[in-house]
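As structure tokens, the structure follows; a few thoughts come after it.
Numbering of ligands and ligand atoms starts at 1, following listing order.
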Amino acid sequence: MTLLGMPAVPARPRKPLGDGSISFTPGHHFALAGTSTDHVGELAAASHAPLSVIVQVTKRCDFDCSFCSETLQMKDPSLEQLKVMATNLAGVHRVFLSGGEPLLRRDLSEVVDVFDGFIIGLPTNATRGMDLAPELAGRIEFANIGFDGPREIFRRVRGDYDKVLSGVQAFHRAGIPISFSAVVLRSTLHGLPYLVQIADVLGAGKVKLILPLRKGNALDLPEHEFITVEEATDHFHRLVELRTTHDWAPAVRMTPWTERTEGHMIVIEPNGNTNAWPVYDRPDLWLPLGNILQEPITALWERYPYKENHYAKYLGSSILTQDRAIR
Ligand code: SF4
């Protein structure tokens, strides 16, 4: 049992993928069979498909976070279109069913069925967790819940803390492993230790920290809210020390925006447009690769210029982790 009396979610075993050189870990990330990440570039060059893609099953959301980059609206993809996407994504290991807020889709259960066979991650704000977590149990690998800090911070940058907390608990009660994802602003830095403490008490496996990107609502953030990579690194190391001191269980990771993380994500919009993200010198930070409704991912992957960054990020070698700083 956790401290809150909720049943602990048992750790899932490490899952070997493909030829076994890469596995999916109980920490909800990929890892190499060996410890060295020196040959990530070779692995990326020899690959035919991404490890992971983000599918925006809706652009709608019931929050309006101060840092949200996805504010442009677009019609939701139909189940038929999602089936075409799933077919054309053959070869990909993990699919994030993302938004916007995916729990706003009334047919999310059918959407999950469409992507059966992939490792499914659900990035969510959890506001509808109480309603939907039970029917997602056993069908998604984990829920990655946006959670930026204690109540004052959370309300200021995101929305209703208590509603989200109820959603988080609903996922946990349903036996769905959870991780937290927090956008770090200068005005939220002081809350990071409390965030990891909350994650520890709630049984989250990981706290992912990311820095805001200049798109959507984040274009209206005051300039001082953007911290530098050096500042982020310093704060991250202090957080890792506190994690050790207090014996907090969740893994902590931070993705700074550097040359090595540029373009590492592949995001599929509701209309099938597939983009490398974030690409720093593009006005909207998207680099269009094509449309997944018209071509298989293997064709889009061939023209994707950030293969090594993709592999390095998802194998943890270009980001900050509790075990290692950026190389
Ligand atoms: S960051 Fe996520 S939860 Fe917040 S408004 Fe954007 S899509 Fe919604």
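The aromatic ring centroids of F147 and Y161 lie less than 6.0 Å from each other. No close placement of the H93 and F118 rings is indicated, their centers lying 6.0 Å or farther apart.
Contacts between E101 and ligand 1 below 4.0 angstrom, taking non-hydrogen atoms only, are absent altogether.
In terms of protein heavy-atom proximity, atom 4 (Fe) of ligand 1 is nearest to C65 SG, 2.3 Å. For atom 6 (Fe) of ligand 1, the closest heavy atom belonging to the protein is C68 SG, 2.3 Å. Closest to atom 8 (Fe) of ligand 1 among all protein heavy atoms lies C61 SG, 2.2 Å.
Scanning both residues, D148 and A182, for their nearest heavy atoms gives OD1-CA, 3.4 Å.
Near R158, with a cut-off below 4.0 Å to any heavy atom, the atoms of ligand 1 are 3 (S). Within ligand 1, the atoms closer than 4.0 Å to a non-hydrogen atom of N125 are 3 (S), numbered from 1 in the order shown.
A donor-acceptor pair shorter than 3.5 Å cannot be found between the side chains of W257 and E262. Remark: the T58 side chain and the E101 side chain contain no N/O donor-acceptor pair separated by less than 3.5 Å.
By the 6.0 Å and 45° rule, R214 stacks over the aromatic ring of F226.
At a 4.0 Å cut-off, at least one heavy atom of G100 sits close enough to ligand 1 to count as contact.
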